[in-house]
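One structure below.
Just so it is clear: chains get the letters A, B, ... in the order the sequence lines come, proteins before strands, and each one is counted from 1.
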Number of protein chains: 2
Amino acid sequence: MSDLGESLRARGMRLTPQRSRIIDAVRALGHATPDLLAAAVGQDGGPALSLSTIYRNLEALEEVGVVSHTHLDHRSPTYHLADHAEHLHLVCLSCGVVIESPVGAADPFVGNLLARHGFVADVKHMAIHGWCRACSAKAAQ
Amino acid sequence: MSDLGESLRARGMRLTPQRSRIIDAVRALGHATPDLLAAAVGQDGGPALSLSTIYRNLEALEEVGVVSHTHLDHRSPTYHLADHAEHLHLVCLSCGVVIESPVGAADPFVGNLLARHGFVADVKHMAIHGWCRACSAKAAQ
DNA sequence: TTGAATGCAAAAAATTTGCATATTG
DNA sequence: CAATATGCAAATTTTTTGCATTCAA
């Protein structure tokens with residue numbers, strides 16, 4: 001991340017202390033929503049950041065490719081470092097548990113979509129919803 | 001739809017004119033968001049319905065199994081008749097086009113998740129995001 | 001008749017935007 | 001010094017909730 005400043009500057013952006021702190025928080029939490037990040041940044045010793053700064057910076061950092069986000073449900077974007085191991089999320093509609101699975105599990109599906117529609121799918125942008133083993137067993141009774 | 005009234009009554013619910021009009025609107029539009037439905041219902045000749053009635057009824061009708069919803073993006077639930085042909089949605093992150101694809105395309109993927117995690121995936125609950133043929137071709141240059 | 005449903009207005013929750021001020025490069 | 005970023009408050013957008021009134025069964 002030493003060239004982060006350069007990546008930013010190359011796009012006319014600046015490396016501000018706020019940006020560094022936000023990146024640190026994303027790294028520390030693994031993945032988190034904007035307001036969780038705001039809370040985390042507020043506890044790193046420095047002054048709290050306004051929520052709008054959080055939002056604007058997550059967007060900026062995503063453009064530069066430092067972070068990216070996925071949606072575990074229809075309303076929470078969760079951010080993580082872009083170089084974080086890639087995996088897709090399975091969210092149980094019943095108990096809410098989140099399971100991580102290697103993206104490879106979707107390869108045949110992704111291949112189908114490409115062959116059939118020329119569509120390049122990013123299966124990890126949105127979580128896959130359904131029912132976990134425990135909940136589907138419960139429902140089967 | 002003649003037994004809709006019974007299905008509702010069996011659960012202590014009632015068949016109101018508002019409910020019928022909402023179902024008609026869902027059928028007419030194919031699939032639409034709550035506010036689009038509100039607009040559509042408002043043009044069927046009768047009086048407009050309050051948005052809260054729309055929301056409460058979509059929820060009620062979904063419980064009874066008459067309608068169901070999917071999320072094309074992280075903020076718009078789109079409702080359709082439950083007996084409407086099942087398909088999954090591919091949404092282009094670049095141009096926004098929505099492509100429908102038979103759920104069968106996801107069978108191997110769904111099978112993998114079941115085998116690997118015991119997870120019963122409902123791939124059509126959330127749209128699959130990615131890039132359509134045109135946009136990915138453009139990006140390749 | 002009576003409990004469920006409606007309408008309206010106010011409350012929430014989650015982002016986004018305007019703008020004056022502070023800062024980076 | 002000039003242009004980008006920040007902070008704060010206000011505006012949006014979308015959905016939910018309280019409550020008095022209406023209506024289906």
Side-chain angles (χ1 to χ4, degrees), chain A residues 2-25 32-42 44 46-64 66-67 69-79 126, chain B residues 1-25 31-42 44 46-64 66-67 69-79 126:
Chain A
S2 59
D3 48 351
L4 169 61
E6 285 176 33
S7 308
L8 288 169
R9 268 171 247 125
R11 307 193 181 210
M13 297 173 160
R14 296 168 183 176
L15 180 52
T16 63
Q18 286 87 339
R19 281 188 179 151
S20 306
R21 294 172 66 205
I22 290 173
I23 293 173
D24 289 344
T33 56
D35 66 289
L36 277 180
L37 287 169
V41 170
D44 69 1
L49 301 191
S50 90
L51 220 23
S52 53
T53 296
I54 302 275
Y55 277 101
R56 284 191 278 229
N57 277 324
L58 287 173
E59 190 182 331
L61 293 170
E62 185 155 31
E63 256 179 60
V64 178
V66 180
V67 304
H69 75 273
T70 38
H71 297 278
L72 292 189
D73 62 43
H74 54 104
R75 48 180 24 180
S76 20
T78 67
Y79 287 81
M126 285 265 198
Chain B
M1 220 48 45
S2 59
D3 49 349
L4 169 61
E6 285 176 32
S7 308
L8 289 169
R9 266 172 247 125
R11 307 194 180 210
M13 298 174 160
R14 297 167 180 179
L15 179 53
T16 62
Q18 286 88 338
R19 282 187 177 151
S20 306
R21 294 172 67 204
I22 290 174
I23 294 174
D24 289 344
H31 48 57
T33 56
D35 66 289
L36 277 179
L37 287 169
V41 171
D44 69 0
L49 301 192
S50 92
L51 221 22
S52 54
T53 296
I54 302 277
Y55 277 100
R56 284 193 277 229
N57 277 323
L58 286 172
E59 191 183 330
L61 292 171
E62 185 154 32
E63 256 179 60
V64 179
V66 180
V67 304
H69 75 273
T70 44
H71 296 278
L72 292 189
D73 62 44
H74 55 105
R75 45 181 25 181
S76 17
T78 67
Y79 288 82
M126 284 265 197

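- The side-chain heavy atoms of A/R19 and A/L8, taken from C-beta on, include a pair separated by under 4.5 Å.
- When the C1' atom of D/dT14 is taken as reference, atom CG of B/L37 falls 15 Å away, rounded to whole Å.
- Taking CG from A/L15 and CG from A/L4, the interatomic distance works out to 5.5 Å, rounded to the nearest 0.5 Å.
- A heavy-atom distance below 4.5 Å is not found between the side chains of A/D44 and A/D24.
- Whole-Å rounding puts the A/R11 CZ to D/dA5 P distance at 12 Å.
- Regarding B/L61, its CG atom lies at a distance of 12 Å from the C1' atom of C/dA5, rounded to whole Å.
- Atom pair B/L58:CG and D/dT16:P shows a separation of 10 Å (rounding to whole Å applied).
- The shortest side-chain heavy-atom distance between A/V67 and A/I22 does not fall under the 4.5 Å cut-off.
- A residue-by-residue look at A/G12 and A/L49 shows that A/G12 has its nearest nucleotide of DNA chain D further toward the 5' end.
- Rounded to the nearest 0.5 angstrom, B/Y55 OH and B/D35 CG are separated by 6.5 Å.
- Here C/dA5 presents its P atom at 8 Å from CG of B/L8, a figure rounded to the nearest Å.
- An OP1 or OP2 oxygen of D/dG7 is reached within less than 4.0 angstrom by a side-chain nitrogen or oxygen of A/Q18.
- Counting heavy atoms from C-beta on, the side chains of A/R21 and A/L49 come closer than 4.5 Å.
- The distance from atom CG of B/N57 to atom C1' of D/dT16 is 15 Å, rounded to the nearest whole Å.
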Practice task
Would you give a per-nucleotide map of nucleotides 15-25 of chain C, 5' to 3', where B means the base has a protein non-hydrogen atom under 4.0 Å away, S means only the sugar-phosphate does, and - means neither?
Solution key: SBBB----BBS
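- Within the model, atoms CD of B/E63 and CG of B/L58 stand 12.0 Å from one another, a figure rounded to the nearest 0.5 Å.
- Rounding to the nearest 0.5 angstrom, the gap separating the CD atom in A/Q18 from the CD1 atom in A/I54 is 9.5 Å.
- Rounded to an integer number of Å, the gap from CG of A/D73 to C1' of C/dA13 is 13 Å.
- Distance OG1/A/T78 to CG/A/L36: 10.0 Å, rounded to 0.5 Å.
- Overall bending of the helix from C/dT1-D/dA25 to C/dG25-D/dC1, expressed as the angle between end axes built from five pairs apiece, is 40° (10° steps).
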